[in-house]
> 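Got a structure for you, written out below as structure tokens; questions coming shortly.
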Amino acid sequence: MKKILLGANYYPEDWDENLIDFDIENMKKCHFNVVRIAEFAWKKMEPSENEYSFDWLHKVVDKMHEAGIGVILGTPTATPPSWLYKKHPDIAMLSPTGVRTSHGGRRHCCSSNPIYREYSRKIVERMAEEFGSDPGVIGWQIDNEIYHWEPGCCCSYCMDNFHAWLREKYGSVEAINSAWNLNLFSQAYDEIEDIPAPFNAWHNPHIKLEWNLSQSNNHKSFVHMQAEIIKAHSAAPVGTDTMPVNGFDYRELNAPLDVAQFNHYDTDLTRPAMWMDYMRNFSKIPFWNTETQACWNGSTSPGHSLMGEGFVYMNTWLPVMLGGGGNLYWLWRTHWAGHELMHGAVMDTSGRFTYANGEIVKAAREFEQLEDILCATKVKSDTALMFSSLNWNIHKSQQISNAIPDDTGFVNEFYQKLLGAGIHPAVIDGREPLDDYKLLITPSAYSLEEGNLKERITRFVENGGVWVVGPLSDIRTSIGTKYKNSPYGFLEELTGAQLSYIIPHDDGSITLANEQGEELKGRGIFELFDDGDFEPLLSVADGHSALVGKHASFVKKVGQGYVIFLGTLPEDRELGRIFSKASELACAEIYKVSDGAMITKREGDGRTLYIAAALKGKACEWRTDGSWRNLVSGELVSGSISLAPYEIAVLERADAERIE
Amino acid sequence: MKKILLGANYYPEDWDENLIDFDIENMKKCHFNVVRIAEFAWKKMEPSENEYSFDWLHKVVDKMHEAGIGVILGTPTATPPSWLYKKHPDIAMLSPTGVRTSHGGRRHCCSSNPIYREYSRKIVERMAEEFGSDPGVIGWQIDNEIYHWEPGCCCSYCMDNFHAWLREKYGSVEAINSAWNLNLFSQAYDEIEDIPAPFNAWHNPHIKLEWNLSQSNNHKSFVHMQAEIIKAHSAAPVGTDTMPVNGFDYRELNAPLDVAQFNHYDTDLTRPAMWMDYMRNFSKIPFWNTETQACWNGSTSPGHSLMGEGFVYMNTWLPVMLGGGGNLYWLWRTHWAGHELMHGAVMDTSGRFTYANGEIVKAAREFEQLEDILCATKVKSDTALMFSSLNWNIHKSQQISNAIPDDTGFVNEFYQKLLGAGIHPAVIDGREPLDDYKLLITPSAYSLEEGNLKERITRFVENGGVWVVGPLSDIRTSIGTKYKNSPYGFLEELTGAQLSYIIPHDDGSITLANEQGEELKGRGIFELFDDGDFEPLLSVADGHSALVGKHASFVKKVGQGYVIFLGTLPEDRELGRIFSKASELACAEIYKVSDGAMITKREGDGRTLYIAAALKGKACEWRTDGSWRNLVSGELVSGSISLAPYEIAVLERADAERIE
Amino acid sequence: MKKILLGANYYPEDWDENLIDFDIENMKKCHFNVVRIAEFAWKKMEPSENEYSFDWLHKVVDKMHEAGIGVILGTPTATPPSWLYKKHPDIAMLSPTGVRTSHGGRRHCCSSNPIYREYSRKIVERMAEEFGSDPGVIGWQIDNEIYHWEPGCCCSYCMDNFHAWLREKYGSVEAINSAWNLNLFSQAYDEIEDIPAPFNAWHNPHIKLEWNLSQSNNHKSFVHMQAEIIKAHSAAPVGTDTMPVNGFDYRELNAPLDVAQFNHYDTDLTRPAMWMDYMRNFSKIPFWNTETQACWNGSTSPGHSLMGEGFVYMNTWLPVMLGGGGNLYWLWRTHWAGHELMHGAVMDTSGRFTYANGEIVKAAREFEQLEDILCATKVKSDTALMFSSLNWNIHKSQQISNAIPDDTGFVNEFYQKLLGAGIHPAVIDGREPLDDYKLLITPSAYSLEEGNLKERITRFVENGGVWVVGPLSDIRTSIGTKYKNSPYGFLEELTGAQLSYIIPHDDGSITLANEQGEELKGRGIFELFDDGDFEPLLSVADGHSALVGKHASFVKKVGQGYVIFLGTLPEDRELGRIFSKASELACAEIYKVSDGAMITKREGDGRTLYIAAALKGKACEWRTDGSWRNLVSGELVSGSISLAPYEIAVLERADAERIE
């Protein structure tokens with residue numbers, strides 16, 4: 001990567017073609033160097049079957065190229081034209097109650113349907129032939145925000161795929177009956193083909209899990225089919241833009257792709273931060289934030305509105321700060337009609353910049369200023385927070401405690417609290433190697449059966465790593481069932497400790513005490529251990545007498561390393577203390593920050609940078625020492641780094657320099 | 001009109017026919033002079049196909065007539081008998097998911113269905129023949145509470161009507177594709193017949209708008225068909241009773257009818273007040289309030305309960321005060337079985353008067369006392385608040401700000417705040433003439449393309465009128481799309497001012513200041529203008545720096561008149577100040593009132609009356625001067641008029657009289 | 001009954017068969033003497049059509065029997081195997097919108113379907129043949145938690161049954177048209193077969209009532225069919241386990257059965273207490289509490305979590321205290337996979353006891369210690385609270401006041417407040433004899449037409465009984481219609497008093513005063529009487545002037561007894577006062593308790609016991625006198641009985657004994 005991409009999503013098909021010069025002129029004013037186009041323009045490219053029209057698109061790509069603006073080209077498969085829907089109404093998704101989705105929205109067709117696939121293949125191939133070697137095209141986006149919508153499609157092709165998925169995974173109906181415990185409720189099936197979609201009745205968690213995995217798999221293979229076609233014609237990086245929803249497996253999705261593409265419209269930036277830290281792993285080149293609001297979102301009504309000053313600036317920096325290669329706003333110019341009329345944009349319908357333009361240009365200029373060093377360095381962390389699609393799906397198919405609201409379980413909550421404690425973790429999938437890390441944290445990691453984790457974590461710890469076992473970890477097999485011999489897959493075996501009770505609880509009637517005897521509360525779940533050969537960190541001090549004296553957290557030396565078990569979500573202060581202890585035992589990096597600051601570290605070309613950001617829009621500080629050069633302002637600072645709301649400082653050690 | 005109608009809705013078909021004398025006797029005790037009957041009695045009139053039975057109904061009409069009680073006769077088309085449903089099950093509405101409405105409720109049949117229409121035509125014709133010249137029948141009600149229920153009917157006839165509606169309005173599918181921007185999402189259709197009902201997918205705002213208009217149109221033509229039949233046989237006034245819901249076009253509905261009929265069960269009387277001020281325009285004779293609660297409503301469960309003392313009295317006066325010709329309670333006697341068993345009435349099932357009978361009789365006596373002067377005068381106002389079905393439908397099909405809860409946008413809120421400021425506005429449709437008014441107020445008037453409004457408003461202002469442009473006005477075409485060259489249709493052109501930003505916002509982080517520098521908050525939306533050749537009224541004093549100094553309200557002289565732009569909903573005190581300023585500039589009438597008072601003016605026969613009402617049930621006053629005769633109490637009052645909770649004073653200038 | 005049953009529900013079909021010895025060993029540790037098995041194991045018993053497998057089940061029964069653990073055997077008809085569903089998909093329930101329930105849950109088949117019935121008959125017969133004379137089988141459970149699910153099944157068999165039910169009850173369509181007032185809305189039908197299921201439209205309360213009764217009847221006859229088969233082969237008591245939902249008629253359901261079986265997962269124990277007091281009536285032997293949580297429930301997510309110390313102990317005692325013959329926890333061992341994975345149990349998946357094991361064993365030991373005296377005595381009360389399925393169904397089909405949240409109307413609220421006032425009532429169905437009682441209380445007893453109640457209550461009062469007429473009583477016929485001549489069926493006739501108004505109301509604007517002039521509020525409904533020949537207890541002191549001076553409560557001597565009318569729900573203190581007055585007039589037993597205490601009385605074998613329980617988990621007391629022997633602790637106590645949270649004292653008069 002040679003430069004930071006900054007730009008917007010652009011829909012020239014919706015506007016008079018004469019407007020393009022005006023738009024390019026204004027994009028240049030914004031210092032934009034990329035646009036994403038064509039993602040929904042199938043009808044414009046293929047007005048009727050087998051009649052193609054690409055001149056208009058060539059003209060746009062060429063004009064952009066002339067202006068030095070790269071084009072990310074989207075395949076339009078999310079929006080097949082009405083002539084296709086009319087000829088083959090069965091390509092639309094079928095609801096569990098037998099209703100076909102109507103034409104008029106997007107992503108309404110079934111990724112499993114062979115006719116839809118064939119037409120998709122054709123249009124993608126034609127696009128790839130047309131633009132595969134076009135120098136103006138700097139990347140490809142496949143489809144748009146593909147994932148498994150709830151409840152999914154129940155058409156015959158999806159049912160066939162579901163049954164094939166089950167056969168492939170389990171081998172036989174007997175194996176399924178046995179694995180899912182289908183003696184229960186006399187559910188056992190005689191043939192795999194008898195297994196229904198898990199709707200219109202009270203279904204078990206395992207069929208729901210497999211249904212979701214199977215539906216996701218259909219979409220994944222649809223994307224991969226397109227990637228193969230494009231790659232046959234183009235050397236530009238290929239990806240598919242995704243939103244973090246419904247348990248999609250972003251690792252597998254991105255495996256044969258080049259660039260992870262991420263969309264978000266969050267206003268709590270700690271959430272997309274976690275996702276970007278996660279998506280970074282799956283991208284062969286720095287990932288692209290392909291969509292975020294320039295003002296506010298508004299698909300059917302405004303999801304949010306005017307944000308505090310600096311928010312858009314911070315949001316623009318966010319992907320770059322977290323190792324991404326660029327940011328695109330959705331959208332360049334507010335639609336003048338049709339869907340999402342209420343969505344904010346860089347420019348309004350009549351061609352006037354919207355309120356945050358100053359913030360956009362400020363970020364753009366800083367990217368230009370710092371491009372070389374940003375592109376030459378990569379985000380580094382020696383702490384890893386684990387998250388995986390499998391555990392996300394297990395969490396969604398069975399709710400163990402009512403007090404865990406986040407759709408990823410405790411993962412996002414732990415990420416936020418790690419930032420608060422001064423740790424910027426890598427967020428890694430369970431199938432990723434652990435070698436780069438000193439400290440591993442696994443909250444809500446229901447199953448640790450992915451990628452031989454049991455052996456890998458054991459080795460990690462024995463070789464000196466510190467493993468913080470968050471609540472609800474290692475308690476399920478990979479299909480969401482319980483272990484029969486131990487509440488855990490291997491935790492008891494590894495630590496020699498023994499669980500006494502696991503209790504969903506949230507009314508505050510359990511009081512814990514730490515080693516200093518300070519009392520505190522836990523939240524959501526209590527996994528309590530008997531006394532054992534370990535050092536207790538949190539023990540029940542008051543509550544039901546059967547619980548008093550049991551341990552909700554402990555540390556145990558294992559080999560050269562440590563296991564820190566944490567069986568509840570304690571108050572922030574205490575959680576911070578445990579994170580600090582873990583970090584200390586692991587000799588991992590931890591920053592002394594006040595709330596709201598996020599510190600990320602970058603290395604490359606022999607240089608080490610730290611980007612300090614007032615992520616939450618409040619003034620905060622990083623209590624450090626020595627001298628630093630702030631590459632944004634050019635100023636030298638020393639001692640503590642103070643940040644104004646939404647300020648960003650790109651810092652490099654300057655201890656040899658003299659303070660002016 | 002010679003008298004004020006007061007009475008109730010009566011269902012003799014549900015009771016022993018011997019009860020009628022008892023009922024009439026008690027109606028007389030209540031001073032009632034009207035009943036509404038027969039609206040749901042199709043089965044009783046036509047027990048089986050082509051066998052008619054009207055004797056029972058003649059008997060009721062005759063008995064009422066003898067007793068001096070006029071009859072409003074309802075056509076029973078809302079409730080076709082089961083033999084018709086059984087013979088033609090396809091007459092029932094079809095849901096978007098393919099489910100037919102079952103027999104057993106009302107308004108379950110499709111107004112587009114030709115078989116249902118034919119049977120409806122026949123029963124209405126027979127009724128008209130029977131009662132067209134009956135002296136006991138003083139009016140007709142067509143069907144009952146007809147409007148476009150969400151989501152509407154998706155049967156083949158409705159789909160045909162929808163396509164015909166689109167063809168009539170747009171001419172061709174190409175015109176629709178272009179007008180709705182159907183390049184977006186590759187939605188463009190090849191034939192109008194391919195356009196689906198806007199369900200079972202994420203559909204655009206324009207198709208939703210047209211669907212609603214088309215569905216309403218089906219009902220409208222069904223009513224008009226009946227009106228034509230009745231008018232061929234009867235000279236009595238014809239109308240159809242309506243509730244203010246779902247964007248129905250009451251102006252077009254009432255165009256060929258004689259008397260607007262309105263039903264309401266509100267307990268916040270400022271809401272039906274607005275509607276009555278609106279319905280008044282569409283009625284050739286004083287409108288009828290055809291339904292309101294005598295106690296509480298209770299269709300499926302009690303919607304509300306015992307109201308404060310005087311509420312029923314005030315609610316009885318409300319239509320009369322606002323220019324209506326009468327009021328009917330729903331219902332005379334609580335049902336003894338069947339639907340709406342929990343609904344209150346004038347009398348309970350066992351024939352005992354309910355708790356508010358004293359209030360009913362008090363209002364009845366005052367109507368008798370004041371009948372001549374009330375009938376001889378008409379409500380007048382020189383201020384007009386604009387409201388139209390088109391803008392109501394645009395509002396419902398696209399939500400621009402989350403902070404505008406009322407289903408009519410800002411309109412009802414402005415109406416209430418105008419009352420609070422001492423202005424009782426006429427409420428006029430956008431297609432009505434502006435000639436009678438000095439001050440025009442248009443909140444949430446998304447589109448000003450109806451009835452040549454651009455030219456008419458321009459002329460109105462140039463000739464000296466004052467136009468208060470409320471928020472969210474002139475920002476959409478008549479099909480809900482945006483203008484491409486300006487955020488406004490003609491506001492910038494008219495004022496020379498230029499919008500900077502339009503921002504949905506509601507967290508209070510924007511502070512405004514008025515000309516005196518007093519700080520205040522706005523709500524819901526901020527339409528902010530650059531500096532211009534106008535006098536600012538409200539400017540951003542604090543908030544995001546891009547906004548500071550922009551203007552949320554300004555006044556601009558245009559020709560002989562003024563445009564007062566108001567781009568937010570400011571705090572009440574400030575809104576009152578702006579209304580006062582506008583009123584002053586317009587030389588329009590404004591009353592000095594404390595909260596809760598509504599003052600309406602009436603003129604006729606060379607006399608001018610004011611009705612002062614403590615509408616909200618709290619003591620309030622009208623600070624006026626001189627001497628007045630209160631025609632209710634007969635007392636002379638002078639100076640300030642004080643009103644007890646729910647008191648009504650009918651006032652005529654008595655400056656020549658001596659205070660006793 | 002010779003012993004108190006204590007045990008758990010056990011699913012050996014879900015576990016390795018070698019685990020059974022371990023399980024039995026642990027059951028013995030818990031002092032368990034009963035298990036319930038087989039209820040969902042159809043597939044295991046009949047793996048394919050007509051091939052039966054009972055060896056595994058015999059083995060379990062035999063092992064249990066050897067270990068002294070009795071078996072309650074469940075028929076598996078709630079969960080037909082997939083081969084049956086596959087062969088006859090029409091056996092599944094059909095929704096009102098035409099969707100069949102899928103295989104994969106339970107109770108998804110239609111109890112009316114003749115094919116399902118035939119297969120059910122066969123499997124039950126085979127089970128009865130196999131185990132009818134097995135000494136290890138101590139009882140039978142038919143199906144599981146059968147009742148009328150909302151909205152019910154709309155298949156052709158259910159429709160036929162509905163029409164047959166209507167024909168049987170009303171005789172003719174004319175009778176229905178007349179009884180339901182179907183002149184209203186032109187609903188009247190020409191044939192009974194034209195009457196639809198009451199969905200997909202706005203239907204009247206009477207059709208909803210009959211639909212629910214008819215659906216319940218289908219399930220009832222399905223259970224009775226099974227009972228007949230089992231009884232032909234077995235002398236062990238037969239029942240069906242039920243939950244208190246949806247208006248099911250537990251009296252009729254249990255009529256031909258031997259033992260009422262009740263399941264509950266409540267954490268507010270006053271609710272199941274009421275139900276157990278009710279179910280007791282319908283059981284020929286002491287009823288069984290067949291399911292309750294050993295920890296927490298968790299069908300799809302945890303419904304609740306860790307309870308306060310002693311709760312499980314109290315909950316274990318509850319059925320025994322209220323006359324039941326035993327208690328079974330659901331379930332023995334948490335499932336390792338499949339549905340309800342989150343549900344707590346006596347033992348966790350890996351074979352460790354859960355947190356409340358100490359409480360379970362404590363109760364078990366006390367049952368063993370007190371078995372003889374508990375089995376020899378029966379619960380007695382001279383106060384009866386009336387509750388019936390009919391009124392429950394009327395309440396559910398028409399909501400008269402928004403302020404009555406409980407699904408049984410005021411009944412549960414009155415039960416709780418009676419406990420608070422020191423009265424432990426019997427809870428009797430309207431069809432039960434009144435002879436055993438001195439005080440009768442009937443809140444929300446909409447219809448008093450069951451079992452000749454009018455005559456029976458009249459005789460009860462005339463013979464000296466005291467009848468507290470709670471709000472909303474005697475105001476509906478048995479099909480939910482109103483009386484036309486009086487608001488009441490016979491209350492006015494009996495007392496000579498006359499209702500003025502019945503008003504749904506809940507905003508506190510009505511103030512009442514009692515005879516002492518103390519002011520208080522009522523809630524939910526106000527049934528107000530004119531002055532009459534009675535002693536007023538509560539009268540309107542302030543509010544709407546039409547109401548002031550009317551009476552919301554009065555007492556009237558009738559014959560040798562009294563009628564106490566209560567037309568509102570007054571504040572607790574006042575309600576307690578009225579209950580005390582009623583109890584005093586009736587010479588009925590009342591205990592001086594502080595909040596949280598429940599005192600039940602038992603008689604038998606010439607002995608009288610009182611069980612005092614701190615039911616709500618807070619310390620409380622029973623202010624009594626004399627000396628008592630606490631049979632639990634063996635201690636002598638005198639004067640006031642103090643109870644620690646969740647403590648239970650079994651008390652016998654010991655006045656002759658000397659206090660140690």
> With a 4.5 angstrom heavy-atom cut-off, which part of A:Ser178 approaches chain C: side chain, backbone, both or neither?
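The backbone, not the side chain.
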
> Is C:Met307 close to A:His544 at the side-chain level, that is, under 4.5 Å between some pair of heavy atoms?
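A:His544 vs C:Met307: side chains apart.
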
> Tell me, for A:Glu191 versus chain C, whether the close heavy atoms (under 4.5 Å) come from the side chain, the backbone, both or neither.
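Contact with chain C involves the side chain of A:Glu191 alone.
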
> Give, as side chain, backbone, both or neither, the part of A:Pro504 having an atom under 4.5 angstrom from any heavy atom of chain C.
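Looking at A:Pro504, backbone and side chain both touch chain C.
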
> For C:Glu17, I'd like to know if atom CD has over 12 heavy atoms of other residues, nucleotides or ligands within 6.0 Å.
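No - once you tally the heavy atoms of other residues, nucleotides and ligands closer than 6.0 Å, there are 12 at most.
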
> Check whether any side-chain heavy atom of A:Gln187 lies under 4.5 Å from a side-chain heavy atom of C:Thr79, and answer yes or no.
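Sidechains of C:Thr79 and A:Gln187: no contact.
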
> Measure A:Ile510 against the heavy atoms of chain C and call it side chain, backbone, both or neither at under 4.5 Å.
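Contact with chain C: side chain only.
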
> If you count heavy-atom pairs within less than 4.5 Å of chain A, which of C:Glu13, C:Arg333, C:Lys86, C:Lys44 leads?
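The residue among C:Glu13, C:Arg333, C:Lys86, C:Lys44 with the greatest pair count is C:Lys86.
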
> So for C:Trp83, is it side chain, backbone, both, or neither that comes closer than 4.5 Å to the heavy atoms of chain A?
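Both backbone and side chain.
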
> If you take all heavy atoms of A:Leu184 and C:His339, which pair is closest and at what distance?
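Result for this residue pair: CD2-N, 3.5 Å.
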
> For chain A, find which of C:Pro302, C:Gly310, C:Ser305 contributes the most heavy-atom pairs closer than 4.5 angstrom.
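Option with the top pair count is C:Pro302.
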
> Taking CG in C:Asn18 as the centre, count heavy atoms belonging to other residues, nucleotides or ligands within less than 6.0 Å. Is the count above 12?
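Yes, enclosed.
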
> Nearest 0.5 Å, what's the CD-CD distance between A:Gln398 and C:Glu340?
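Nearest 0.5 Å value for the CD-CD distance: 13.0 Å.
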
> Please classify the contact between C:Thr97 and chain A as side chain, backbone, both or neither, with a heavy-atom cut-off of under 4.5 Å.
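The answer is neither part of C:Thr97.
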
> Quick one: what part of A:Ala179 sits under 4.5 Å from any heavy atom of chain C, side chain, backbone, both or neither?
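The backbone, not the side chain.
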
> Does any backbone or side-chain atom of C:Tyr85 lie under 4.5 Å from a heavy atom of chain A? Answer side chain, backbone, both or neither.
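Contact with chain A is absent: no heavy atom of C:Tyr85 under 4.5 Å.
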
> Listing request: all salt bridge (charged side-chain N to carboxylate O under 4.0 Å, His left out) pairs with a residue in residues 353-362 of chain C, at least two apart in sequence or in separate chains.
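Those involving residues 353-362 of chain C are C:Lys362-C:Glu366.
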
> Mind checking which of residues 102-111 of chain C sit less than 4.5 Å from chain A, heavy atom to heavy atom?
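C:Ser102, C:His103, C:Gly104, C:Gly105, C:Arg106, listed by number.
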
> Just verifying a value: how many Å separate C:Glu309 CD and A:Leu547 CG, rounded to the nearest 0.5 Å?
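That separation rounds to 9.0 Å.
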
> How long is the span from the NZ atom in A:Lys550 to the OH atom in C:Tyr355, to the nearest 0.5 Å?
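Here the interatomic distance stands at 14.5 Å.
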
> Would you name the heavy atoms of C:Thr349 and A:Tyr483 that are closest together and state the gap between them?
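Looking at all heavy atoms of both residues, the closest pair is CG2-O, 3.5 Å.
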
> So, taking the atom named CG in A:Leu499 and the one named CZ in C:Arg352, what distance separates them when rounded to the nearest 0.5 Å?
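A:Leu499 CG to C:Arg352 CZ: 6.0 Å, rounded to 0.5 Å.
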
> Got C:Thr101 and A:Asn200 here, is their nearest side-chain heavy-atom distance under 4.5 Å?
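With C-beta onward as the side chain, the pair stays apart.
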
> Sub-3.5 Å donor-acceptor pair from the side chain of A:Asn181 to the main-chain atoms of C:Ala337, do we have one?
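A pair under 3.5 Å: yes.
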
> State whether the side chain of A:Ser186 and the backbone N or O of C:Phe40 hold a donor-acceptor pair below 3.5 Å, judged by distance alone.
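Yes: the side chain of A:Ser186 pairs with the backbone of C:Phe40.
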
> Any donor and acceptor pair, going by atom type alone, linking the side chain of C:Ser301 with main-chain N or O of A:Asn402 inside 3.5 Å?
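The answer is no, because no donor-acceptor pair under 3.5 Å joins these two groups.
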
> Any idea which of C:Pro80, C:Pro47, C:Ser299, C:Ser48 has the most non-hydrogen atom pairs under 4.5 angstrom with chain A?
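Max contact count across the listed options: C:Ser299.
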
> So what's closer than 4.5 Å to chain C heavy atoms on A:Glu193: side chain, backbone, both or neither?
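A:Glu193 has no heavy atom closer than 4.5 Å to chain C.
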
> Counting only non-hydrogen atoms closer than 4.5 Å, does C:Pro76 touch chain A with its backbone (N, CA, C, O), its side chain (CB onward), both, or neither?
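Contact with chain A involves no heavy atom of C:Pro76 at all.
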
> Pick one of side chain, backbone, both or neither for A:Tyr501, based on which atoms fall under 4.5 Å of a heavy atom in chain C.
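Just its side chain gets close to chain C.
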
> If I measure from the heavy atoms of chain C, does A:His206 come under 4.5 Å with its side chain, its backbone, both, or neither?
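Interface part for A:His206: side chain.
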
> Please determine whether the number of non-hydrogen atoms from other residues, nucleotides or ligands lying under 6.0 Å from atom CH2 of C:Trp149 exceeds 12.
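Atom CH2 in C:Trp149 is not crowded, with 12 or fewer foreign heavy atoms closer than 6.0 Å.
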
> How close do A:Ala188 and C:Ser82 get, heavy atom to heavy atom, and via which atoms?
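The answer is O-OG, 2.8 Å.
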
> Would a 4.5 Å heavy-atom cut-off, applied to side chains only, mark A:Arg476 and C:Leu341 as touching?
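Result yes, sub-4.5 Å side-chain heavy-atom pair found.
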
> Any idea which heavy atoms bring A:Ile400 and C:Met342 closest together, and the distance?
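Closest pair (atom of A:Ile400, atom of C:Met342, distance): CA-CG, 3.8 Å.
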
> Ring of C:Trp336, cation from A:Lys484 - is the NZ or CZ under 6.0 Å from the centre and inside 45° of the axis?
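Flagged: A:Lys484 positioned over aromatic ring of C:Trp336.
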
> Is it true that, when you exclude C:Asp268 itself, more than 12 heavy atoms of the residues, nucleotides or ligands shown sit nearer than 6.0 Å to its CG?
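Counting neighbours around CG of C:Asp268, more than 12 heavy atoms of other residues, nucleotides or ligands fall under 6.0 Å, so yes.
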
> Count the heavy-atom pairs under 4.5 Å between each of C:Thr334, C:Leu306, C:Val99, C:Asp348 and chain A, then report the option with the highest count.
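It is C:Leu306.
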
> Do A:Asp190 and C:Lys87 meet the salt-bridge criterion of a basic N to acidic O distance under 4.0 Å?
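Salt bridge between C:Lys87 and A:Asp190, a charged N being under 4.0 Å from a carboxylate O: no.
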
